[in-house]
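Written below as structure tokens is the structure these notes are about.
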Amino acid sequence: MHPAFSVIFFTTASGAGYGLLVWLGVFGAIGLLPPDRWFGVAAFGLAFALVTAGLLSSTFHLGHPERAWRALTQWKTSWLSREGVAAVLTYIPTGLFAIGWIFLERNDGIFAALGLAGAVLCLITVWCTAMIYASLKSIQRWSNGLVPPVYLALGAATGSLLLALLAQLFGHQSFHLYAVSLVTVTLAAVLKLAYWRAIGKSRSESTAASATGLGKPGLVRLLEAPHTESNYLMQEMGYRLARKHAERLRIVAVIALFAIPLILLPAAALAGTSILTAFLLVLAVASAAIGLVVERWLFFAEAKHTVTLYYGEESA
Amino acid sequence: MTSLPATTERRLGLVIDLDICVGCHACAVNCKEWNTGGHSAPLTDRDPYGAEPTGVWFNRIHSFEVESDEPGLRGRTVHFPKSCLHCEDAPCVTVCPTGASYKREDDGIVLVNGDWCIGCKLCSWACPYGAREYDADEGVMKKCTLCVDKIYNENLPVESRVPACVSTCPAGARHFGDLGDPASGVSKLVAARGGYDLMPEQGCKPTNKYLPPRRREDKDLHDANGAPAALAPEAGDIDSAVLRWVDRLLSR
């Protein structure tokens, strides 16, 4: 699949933004983060900026952005529609929670409940995003039960790294934030490695033989394509990635997204000065951001669509 | 609504005979010609006279080489036209977030409402067959309409009320009809010739069916010396005694 920038930016940025909102809701509700106004401005500002920029970027790549509201209507059958509805609904409790935190400097009582409700809606939204891909049977590498857990874990992990950095900058750092970051980054790493293992082992049932109904697998070859030039299907679905590049990029993703943050988090916790801790956390966030973009780029570039079977591929 | 109808009254579709198709691409050309003025008009092109022309086509002809050890199936070239299969369980319809994609209850045709489509392209990802075509100029998805504006068109003579690809096929490789009616001509053809679904494992239950190429008579086409067998003289063919004598003399 063609790795479009808008979709990579949307899924990574909104995932991290929702992850940050989840942890703000949870830690705020259980009283482990004080409702400090300027910390709230920074944290909610960043979270809503990431989420909103992501949603807007996904809208701008549409052929008709002005009709985007129509995408909220078909939630009965469409995961994309469900995601849109969930994203809009999520703004309500998280927005009220942010108002309480920033203007009233409160995150207890009703605001705690709003924070937790918002956290649940954030998770549902990310789940819906992942299901857009996981529900497509035509792309075997996406039609995999590990795709939604990976999306959730990566959103939670990147959100927790952002929260650890912001808490450090505003003097609200705690052992719990480090612990949550370590656990979620580790969980995301385990799930992502399991996903790569799973797609390496399984193969699509569809082959050039089943796509044409002619002959046996391996004995049906494309002789002539329909045209001499490319077409929409080949441009959108026919993206090819050399296996050796995929392997190297996976290593880059594992190091930047998982290994470096997992080393820098304890280092930051043990660093003597708060400036050094903040610096190490900035590095961890930057490294994870680079790794996440590579991971998401690979998610698209490695996905093979069955339509390629009509354009010379033997298996999908 | 992008929910699929539980059943459709009829199941209009195509039956494509791979034994007959000669790969002339006339169906694709006439499809483009009709539809660029039809329901989803226009079918735009990009860089049409440049180095890398692309455009919206609802029908494309691929050619495959098929190897086999089975007698009658060795070394075939099969021309393979492909357009929307108007699936019973069309995933392109259910993924649509706007309701622009729909499957008609009365005849099973899958269509796009170009006034509602937001151009998210998700339906083209969901279709395993590559039947959907994004029109980058208009920013909406388009697809084969089974010539919905031709098959019901009362201004046309009855024999012309078939999809453009069917009426233009010079070889008679394309058939149109109701595949939900076991008594229809197309259903009988499918039953007689062993018509099959493409990628049944994808679970889309396509309406269109493909008829497999027939087995050829397998004859050894060469004689013992490797010369074309058809040109070898056969002694029994020579009636004249004089010529038989000449043949014997020359064959010495």
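Since we're looking at a predicted model, the values are computed, not measured. Lettering of chains follows the sequences in order, A, B, ..., and the numbering in each one begins at 1.
Between A:Lys216 atom NZ and B:Glu70 atom CD the span is 5.0 Å, to the nearest 0.5 Å. A distance of 9.5 Å separates NZ of B:Lys121 from CG of A:Leu62, quoted to the nearest 0.5 Å.
When atom types are taken as modelled, the side chain of A:Arg70 and the backbone of B:Gly99 share no donor-acceptor pair closer than 3.5 angstrom. The backbone N or O of B:Trp125 lies less than 3.5 Å from a partner atom in the side chain of A:His305, making a donor-acceptor pair.
With a 4.5 Å cut-off on non-hydrogen atoms, A:Trp142 touches chain B through its side chain but not through its backbone. Interface remark: A:Gln235 contributes side-chain atoms only to the contact with chain B (heavy atom separation under 4.5 Å). Heavy atoms of A:Leu136 lying under 4.5 Å from chain B belong exclusively to its side chain. When heavy atoms are compared at a cutoff of 4.5 Å, A:Lys137 approaches chain B by way of both its backbone and its side chain. With a 4.5 Å cut-off on non-hydrogen atoms, A:Glu66 does not touch chain B at all. Looking at A:Leu222, the atoms closer than 4.5 Å to chain B (heavy atoms on both sides) sit in the backbone and in the side chain alike. Using a 4.5 Å cut-off between heavy atoms, A:Ala211 touches chain B through backbone and side chain atoms alike.
Checking A:Thr306 against B:Gln202 by side-chain atom types alone, no donor-acceptor pair falls below 3.5 Å.
In terms of heavy-atom pairs under 4.5 angstrom with chain B, the leader among A:Ser58, A:Ser81, A:Ser206 is A:Ser206. Options A:Ala209, A:Ser135, A:Ala71, A:Pro65 differ in how many heavy-atom pairs under 4.5 Å they form with chain B, and the most are formed by A:Ala71.
Residues B:Cys117 and A:Arg67 come closest through the heavy atom pair O-NH1, 2.6 Å.
Under the 30°/60° scheme for interplanar angles, the aromatic rings of A:Tyr310 and B:Tyr129 are found to be tilted. By the 30° and 60° cut-offs, the orientation of the rings of B:Tyr134 relative to A:Tyr232 is tilted.
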